[in-house]
Amino acid sequence: MTSTLQPATTTEAVKRPGRWLALSVLVLAVLLVAVDATVLGLATPYISEDLKPSGTQLLWIGDVYSFVIAGLLVSMGSLGDRIGRKRILLVGATAFGAISVLNAYATTPELMILARALLGVAGATLMPATLALIRNLFHDPRERSLAVGIWGATASAGTAVGPIAGGFLLEHFWWGSVFLINLPVMAVLVLVGSKLLPESRNPSPGPWDLISVTLSLVGMIGLVYAVKEAAAHGFTWTTLAAGLLGAAALYGFVRRQLTLPSPLLDMRLFRNRGFSGAVLADLLTILGLSGLVFFLSQFLQLVQGRGPFEAGLAELPAAVGAVVAGLVAGRAARRFSVRAVVSGGLAAIGLALAVLTVIDRSTGYPLLGAALLVVGVGAGFSFTVTSDVILGSVPKEQAGAASAVSETAYELGAALGIAVLGSIVTGVYRDFTGPAGTPAEAHESLGGAVEAAAELPAQTSEALLEAARQSFVDGLALAAGVGAAVLLAAAAAAWFMLRDQRLDSWSQGRGELREQPRTTSGRRT
């Protein structure tokens with residue numbers, strides 16, 4: 001028999017001309033955001049030396065981008081659904097390039113913090129728009145899986161290109177150059193994207209509710225700030241107040257979405273087990289990974305003595321593994337199952353992190369490189385398939401908001417990961433016993449210990465660095481163990497929550513291809 005679920009326009013939508021060229025424009029935006037997220041960590045020591053921020057200001061320079069982007073992703077994804085995803089992508093890309101110049105030429109810590117916050121506003125427009133446009137460019141499930149795989153592979157490649165390009169620039173130019181590399185990419189994206197990208201939007205969007213936008217922003221910033229501050233300085237009245245304010249705002253946001261006729265985010269999406277399972281898998285994966293990867297960069301540079309460029313190259317296997325796995329993830333999910341690929345990927349990351357619990361200061365690169373490769377392969381499989389599941393679980397009219405939920409889970413997971421695993425590393429590190437004359441700032445961070453050691457006599461300096469580095473490695477090993485436990489738990493959760501989930505079956509798609517019934521011979525009718 002013939003399925004009645006296929007609309008007459010499906011074939012035309014599947015055969016949209018120029019969709020692969022349009023995809024090449026979208027991945028430029030992904031590449032840019034991924035690169036920008038990694039270069040700041042390398043540039044921080046140089047920014048600190050030049051602008052001389054206080055400890056609190058330095059934290060804000062590092063954190064305010066993620067605070068703002070996490071708070072605005074859902075709002076910007078929903079805005080794109082309303083005014084047009086192409087429009088918001090091109091406007092956001094133009095703003096991102098212009099604000100990158102402000103970052104590069106900031107002359108005070110306060111201006112740098114403002115520039116990073118504004119960059120977060122622009123960045124919040126890019127990632128949801130790219131995924132939402134993919135959802136509307138590729139209506140065939142198999143083509144969409146490949147497109148999402150390329151999208152994810154580009155993001156992974158960006159995490160590798162960032163440290164390598166950033167390390168090269170920092171060794172040859174001033175720190176602002178790591179922000180100026182955004183300009184040529186943005187210029188190509190805007191010029192070519194304006195010609196190739198089709199516009200898409202929700203035909204009946206309803207108003208953009210500013211009260212919901214404010215509640216979302218306050219809620220996410222309050223929650224992320226409270227988690228980071230609690231990890232760094234323990235629980236204080238300020239931290240508790242920020243956490244309670246954030247929780248209350250998010251509660252108000254959810255309640256408001258359930259009552260609005262045209263909500264900013266349709267909370268009923270979370271009733272879909274596949275959607276919720278994919279979002280949870282993303283959050284827990286990044287939580288387990290982010291803090292460890294952040295401190296692994298310090299291990300390569302400050303413990304093993306590698307330069308920024310060499311440390312960037314050392315992290316390359318993770319990106320290579322993620323690129324390769326992302327390109328074949330959709331095919332693997334169809335051959336086996338969604339839950340097998342996602343759970344298997346998460347378990348692989350967990351086992352690789354478990355191996356890293358045995359590292360010490362003299363651990364050779366073959367072990368580190370192999371672990372990073374497995375982490376990349378696991379992440380490539382998991383992220384690609386969960387992104388595909390999230391996109392396929394919603395009507396195309398809500399693609400921007402759904403994509404934003406996925407990105408919000410990523411940002412929140414990163415904040416929680418750095419906070420939780422970072423507090424473990426920092427807690428163990430601070431307890432090291434240094435030689436007589438060890439200054440207090442040496443106990444704050446390994447970077448502080450290296451700077452303090454440079455001012456001490458040779459024998460005292462060597463003893464300080466020995467104790468500090470060993471304590472840092474002990475903290476890193478413990479954090480790796482906690483990260484492994486989180487990833488293995490995520491693998492188990494994904495196995496149950498993604499049961500019966502298929503990439504070719506769109507439970508809520510409007511006018512999309514759906515899985516057709518099979519005859520007894522196994523052929524589609």
Check: V428 main-chain N/O paired with S471 side-chain donor or acceptor under 3.5 Å: yes

Looking at every non-hydrogen atom in both residues, tell me the closest pair between A249 and V218 and how far apart they are. CB-CG1, 4.0 Å

For the residue pair A147 and I134, what are the closest heavy atoms and their distance? CB-CG2, 4.0 Å

Minimal heavy-atom distance between I349 and G378, with the atoms involved, is CD1-C, 3.7 Å

Is the shortest side-chain heavy-atom distance between P317 and Y365 below 4.5 Å? yes

Would you find more than 12 non-hydrogen atoms of other residues, nucleotides or ligands less than 6.0 Å from E110 atom CD? yes

Provide the closest heavy-atom pair for L498 versus A278 in the form atom of the first, atom of the second, distance. CD2-N, 3.9 Å

Taking S343 for its side chain and A491 for its backbone only, find out whether a donor-acceptor pair lies under 3.5 Å. yes

My understanding is that only residues two or more places apart in sequence, or in another chain, count here; which of them pass side-chain hydrogen bond (donor to acceptor under 3.5 Å, both in side chains) with D360? S362, T363

Check: S382 main-chain N/O paired with T386 side-chain donor or acceptor under 3.5 Å: yes

Mark yes or no for whether T384, through its side chain, and G380, through its backbone, hold a donor-acceptor pair below 3.5 Å. yes

Donor-acceptor pair, distance only, cut-off 3.5 Å: does the side chain of N182 make one with the backbone of F179? yes

Check whether the ring centres of F270 and F275 lie less than 6.0 Å apart, and answer yes or no. yes

A484: what forms a side chain to side chain contact (heavy atoms under 4.5 Å, CB included) with it, not counting sequence neighbours? L353, A354

Is T125 reaching over with its side chain to a backbone N or O of A122, donor-acceptor style, under 3.5 angstrom? yes

How close do M112 and N103 get, heavy atom to heavy atom, and via which atoms? SD-O, 3.6 Å

